[in-house]
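Before any comments, here is the structure.
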Amino acid sequence: MGKFRLGQSKEDVKGMLPEGNIKVTQLGAKKLCVVRLGEKVYAFEQLCPHRGASLKDGHINRFEEVICPLHSYRFNMNTGQLTSGGGCGDLEVYKTNLTEEGLEILV
Ligand code: FES
């Protein structure tokens with residue numbers, strides 16, 4: 001497992017991740033989606049475990065779920081649990097920590 005850092009400060013990270021906008025970032029060998037809601041940042045695998053759509057084009061709802069753009073399956077961004085839909089596994093999620101020194105992501 002590797003620890004990656006994005007940005008130099010919390011403000012830096014907020015500038016890079018406008019509220020609710022899903023961004024894709026490459027960390028080591030993995031491409032992840034990263035999204036910020038307030039002081040909380042979520043990181044999860046880029047491709048939907050159902051049929052591989054890019055979750056970058058998905059939506060976020062007020063239940064901390066990402067909704068896949070292709071078949072509207074929903075995944076909890078904290079746990080990765082599939083909350084609506086069937087026939088696929090959970091989403092892989094990664095731990096994040098937003099600090100005054102920037103954003104840490106454990107991959
Ligand atoms: S590809 Fe994501 S729900 Fe089907």
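For ligands, and for the atoms within them, numbers begin at 1 and follow the listed sequence.
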Side chain to side chain contact (heavy atoms under 4.5 Å, CB included) with Arg74: of Asn61, Val66, Leu91, only one passes, and it is Asn61
Partner of Cys33 under side chain to side chain contact (heavy atoms under 4.5 Å, CB included), picked from Gln46, Lys23, Met77, Glu45, is Gln46
Using 2.8 Å as the threshold, say whether any N, O or S atom from Cys48 sits that close to atom 4 (Fe) of ligand 1.
no
Quiz item: For Arg5, does the CZ atom have more than 12 heavy-atom neighbours from other residues, nucleotides or ligands under 6.0 Å away?
Solution: yes
Inset, instruction - Take Thr96 and Tyr42 through the side chain to side chain contact (heavy atoms under 4.5 Å, CB included) test and state the conclusion after the steps. - result: CA-CA 7 Å; Thr96 66; Tyr42 306 86; over 6 Å; no
Atom 1 (S) of ligand 1: closest protein heavy atom, distance to 0.1 Å, is Arg51 N, 3.3 Å
Note to self: Between the side chains of Glu19 and Lys14, is the shortest nitrogen-to-carboxylate-oxygen separation below 4.0 Å, so that they form an ion pair?
What the structure shows: no
Could you tell me which atoms of ligand 1, counted from 1 in the order shown, lie closer than 4.0 angstrom to a heavy atom of [X]?
{"X": "Tyr73", "result": "3 (S)"}
{"X": "Leu70", "result": "1 (S)"}
{"X": "Cys68", "result": "1 (S), 2 (Fe), 3 (S)"}

Checking distances from atom 4 (Fe) of ligand 1, one finds that the N, O or S atom of His71 closest to it is ND1
min-distance N/O/S atom, His50 vs atom 4 (Fe) of ligand 1, resolves to ND1
Quick one about Asn97 and Lys3 (side-chain donor to acceptor, distance below 3.5 Å, no hydrogens or angles considered), yes or no? no
